[in-house]
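Accompanying notes for the structure given below.
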Amino acid sequence: MTFSYFPGCTLKTKGVRLDRCAHLAAKALGFTLEELPEWQCCGAV
């Protein structure tokens, strides 16, 4: 099973460990996380 998720602006920079833990937890629970396509950062257009 796959769930979409919104990583936000800082997950790939300041929250790298949080992102990794989320993916590991999802794997342990039997599903995967897939980043939403074409998401936009808060306030960016």
Original post:
Quick one: disulfide (SG to SG under 2.5 Å) partners of Cys9, sequence neighbours excluded?
Top reply: Cys41
Subject >> Least distance between heavy atoms, Val16 atom then Thr13 atom >> reply: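 Smallest interatomic distance, heavy atoms only, reads CG2-O, 3.3 Å.
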Subject >> Co-membership, hydrophobic cluster, residues Met1 and Phe6, 4.5 Å side-chain >> reply: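 Not linked; separate clusters.
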Please tabulate, for side-chain N and O atoms in residues 31-38, each donor-acceptor pair with protein atoms closer than 3.5 Å (sequence neighbours left out).
{"unit_1": "Thr32", "atom_1": "OG1", "unit_2": "Thr2", "atom_2": "OG1", "d": "3.0"}
{"unit_1": "Glu35", "atom_1": "OE1", "unit_2": "Lys12", "atom_2": "NZ", "d": "3.4"}
{"unit_1": "Glu35", "atom_1": "OE2", "unit_2": "Trp39", "atom_2": "NE1", "d": "2.7"}

**OP:** Can you run down the side chain to side chain donor-acceptor pair (under 3.5 Å) pairs that involve residues 18-28, sequence neighbours left out, and say none if there aren't any?
**Re:**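 For residues 18-28, and leaving out neighbouring residues, the side chain to side chain donor-acceptor pair (under 3.5 Å) pairs sorted by first residue read Tyr5-Asp19, Tyr5-His23, Asp19-His23.
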